[in-house]
Amino acid sequence: MYSLGWRVFRDHVGRAVPADRRRRSVLVGVVVAVVAAAGLVATGLAFGWPDLGSAVAVVALVLLALAVGVFGAALVPLRPRTVDGSRVYWSGMGMQAPDPIERYFRSGPAPTIAPADRAAVLREADVVRAGVVPEVYRAVLVSVVAVLAFSAVALLQVPGAWPVWVSLIVVVRVVSDVGRLGRVERARALAAALPDVPPQRTPGPVRPGRPGTPSGSKLALPGDDR
């Protein structure tokens with residue numbers, strides 16, 4: 001499930017996270033990193049921490065500024081969209097589908113898709129995927145923040161284990177979301193393999209008349225049944 005989910009993420013991140021959102025995320029990250037670096041340099045000049053005369057401290061300053069910049073980029077709203085361009089609003093709980101369809105997306109053996117649910121499974125799989133892919137994208141950015149911050153803290157020899165805890169929380173979240181992407185894709189593929197079920201036609205009311213005539217508006221004349 002996890003390899004399948006990661007492949008789904010790679011294939012759909014470009015569509016689920018619009019290009020304008022990614023560009024804005026990069027721009028915000030660069031601006032925030034520059035501001036953070038300037039603030040750290042000003043702090044070093046005014047208070048002597050970090051020590052700007054130490055090469056190790058300068059490297060740590062750069063890493064910390066990058067971490068702040070990437071975190072700023074991760075906070076930019078991503079506004080995910082489905083394949084048809086519809087906006088997706090994140091509802092929490094990993095983008096839950098309605099209960100009759102959510103059961104196909106749960107962990108366990110491959111589900112048997114009811115033919116009557118085929119269209120709903122395809123539709124909800126697209127919505128859930130469009131909502132979860134941006135969350136994985138954001139979690140990947142936060143994991144980069146944790147790695148950069150941990151490296152900076154280690155170089156500065158500042159006690160603090162929060163980057164480690166953040167990393168663990170993010171890893172758990174990424175693994176959970178990627179696994180869900182895999183299960184949703186499994187259900188979607190099974191539903192797509194089913195034949196399309198045409199809508200059932202409701203028979204109209206029967207109007208009185210001679211059997212075999214379209215309606216009761218015509219009179220049966222001699223010789224009509226020949």
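Quick caveat: nothing in here was measured; it's all calculated off a predicted structure.
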Quick note, side-chain hydrogen bond (donor to acceptor under 3.5 Å, both in side chains) partners involving residues 184-193, not counting sequence neighbours, are E185-R188
Pairs under 3.5 angstrom only: tabulate donor-acceptor contacts from the side chains of residues 16-24 to other protein residues two or more places apart or in another chain.
from, atom 1, to, atom 2, distance (Å)
R21, NH1, P77, O, 2.9
R22, NH1, G14, O, 3.2
R22, NH1, V17, O, 2.4

### Query
Transitively linked via ILVMFWY side-chain contacts under 4.5 Å: V13 with V174?
yes
Here the pair of heavy atoms bringing A187 nearest to V121 is O-CG1, 3.8 Å
Shortest non-hydrogen pair, A110 vs L190, comes out as CB-CD1, 4.2 Å
Residues joined to V31 in its hydrophobic cluster, side chain to side chain under 4.5 Å directly or through other members, sorted by chain and number, are L27, V35
Quick one: does S176's side chain have a donor or acceptor within less than 3.5 Å of a partner on V172's backbone?
no
Name each donor-acceptor pair under 3.5 Å that joins a side chain in residues 53-75 to protein atoms two or more places apart or in another chain, with its distance.
from, atom 1, to, atom 2, distance (Å)
S54, OG, V56, N, 3.4
S54, OG, A57, N, 3.4

Subject >> Any V145 side-chain heavy atom under 4.5 Å of L141 side chain >> reply: no
- Are any side-chain N or O atoms of E102 and backbone N or O atoms of A97, one a donor and one an acceptor, separated by less than 3.5 Å? yes
| Under 4.5 Å between any side-chain heavy atoms of V128 and R180, yes or no? | yes
Requested in this report: Find out whether Y104 and V184 are in side-chain contact, i.e. whether some heavy atom of one side chain is under 4.5 Å from a heavy atom of the other.
Outcome: no
> Do L78 and V28 belong together in a cluster built from hydrophobic side chains that touch within less than 4.5 Å?
Replying inline: no
For V175, the side chain to side chain contact (heavy atoms under 4.5 Å, CB included) test, sequence neighbours excluded, returns Y2, V171
Quick note, salt bridge (charged side-chain N to carboxylate O under 4.0 Å, His left out) partners involving residues 103-115, not counting sequence neighbours, are R103-D117
The complete set of ring-ring contact (aromatic ring centres under 6.0 Å, His included) pairs with one or both residues in residues 9-31, sequence neighbours excluded, reads W6-F9
Taken in chain and number order and not counting sequence neighbours, the residues that satisfy side chain to side chain contact (heavy atoms under 4.5 Å, CB included) with A33 are none
Discussion item. If hydrophobic clusters are built from ILVMFWY residues whose side chains come within less than 4.5 Å, do F47 and L40 share one?
Written reply: no
Same cluster (ILVMFWY, side-chain, under 4.5 Å), V144 and V32: no
CG (L122) and CD1 (I113) are apart, to the nearest 0.5 Å, by 9.0 Å
Taken to the nearest 0.5 Å, the spacing of E135 CD from L181 CG works out to 10.5 Å
